[in-house]
Amino acid sequence: MDWTNKLRITFGLAVVLLLTACSVSYKFNGASIDYSKTKTIQIADFPIRSSYVWAPMGPMFNNELKDQFASHTRLSQVKRNGDLKIEGEITQYQQRNKSVSAEGYSAQTELSITVNVRFTNNVNHQEDFERQFTASQAYETTMSLSAVQDELVATIIKDLCDQIFNATVANW
């Protein structure tokens, strides 16, 4: 074996060792929480205060919001005295025409949900806020709301919970 082959083998082994020895791990769950100071979160159930109501919406929203924080943070959920506190209400559930067909009839309808959120950070009150979040989904007017409501509301709620998560602990 000449020295060029030895050099190639040595270089190849060095590259393999470097690649296996050095590993960088990124975690893109969005949370930027100082767990040495913030350990608990209190998430109150959001009552429905909308004039138009679909009963399953309340429990769906409350469960999804709590699941979002449980699966993307290490915060313990508590009933009271949390380091972080999220409370509010579902203030609007409505549908409206989104687009009109060439014949002048409604072609698409948009379903939207608005929630009012009060966030309290008992570790850093400068981050406290009260804000409204809205999400919507469109569907073809030829379909009835009852036929698409489950799927639309689930998608809207997921979007709302993502918005709330990002506004409260992601600091994006």
*For N62, side chain to side chain donor-acceptor pair (under 3.5 Å) partners two or more places apart*: none

*For the side chain of T91 and the backbone of T114, is there at least one donor-acceptor N/O pair under 3.5 Å apart?*
yes

*Can you list the residues that meet the side chain to side chain donor-acceptor pair (under 3.5 Å) rule with N116, with sequence neighbours excluded?*
E89, E130

*asked:* S136 vs E110, test: side chain to side chain donor-acceptor pair (under 3.5 Å). Steps then yes/no.
replied: CA-CA 7 Å; S136 60; E110 184 176 70; 3.3 Å; yes

_Pairing residues for Q149 by the side chain to side chain donor-acceptor pair (under 3.5 Å) criterion, not counting sequence neighbours_ = Y93

*Could I get the full list of side chain to side chain donor-acceptor pair (under 3.5 Å) partners for T120, not counting sequence neighbours?*
none

_Please check: side-chain N/O of D128 versus main-chain N/O of N121, any donor-acceptor pairing under 3.5 Å?_
yes

_Using modelled atom types and a 3.5 Å cut-off, is there a donor and acceptor pairing between side-chain atoms of Q163 and backbone atoms of T134?_
yes

*Would you find a donor on one side and an acceptor on the other, under 3.5 Å apart, between the side chain of S76 and the backbone of T40?*
no

*asked:* Any donor-acceptor pair under 3.5 Å linking the side-chain atoms of Q42 with those of Q77?
replied: no

_Residue pairs, two or more places apart or on separate chains, that pass salt bridge (Lys or Arg N to Asp or Glu O under 4.0 Å) and touch residues 156-165_ = K158-D162

*So among T168, T73, I33, L75, which one has a side-chain contact (heavy atoms from CB on, under 4.5 Å) with I41?*
L75

_Side chains of T141 and T109: any donor to acceptor distance under 3.5 Å?_
yes

*Are V123 and L84 in one and the same hydrophobic cluster, where Ile, Leu, Val, Met, Phe, Trp and Tyr link if side-chain heavy atoms are under 4.5 Å apart?*
no

*With the 4.5 Å side-chain cut-off for hydrophobic clustering, are V78 and L65 part of the same group?*
no

*asked:* Show, in sequence, the C-alpha distance, side-chain angles and deciding distance for V115 and I164, and conclude whether the side chain to side chain contact (heavy atoms under 4.5 Å, CB included) test is met.
replied: CA-CA 10 Å; V115 294; I164 294 166; 4.0 Å; yes

_D150 CG to M60 CE distance, which is reported to the nearest 0.5 Å_ = 6.5 Å

*Set of residues satisfying salt bridge (Lys or Arg N to Asp or Glu O under 4.0 Å) with respect to D45, sequence neighbours excluded*: K66

*asked:* Determine whether a donor-acceptor pair (N or O, by modelled atom type, separation under 3.5 Å) exists between the side chain of T38 and the backbone of Y35.
replied: no

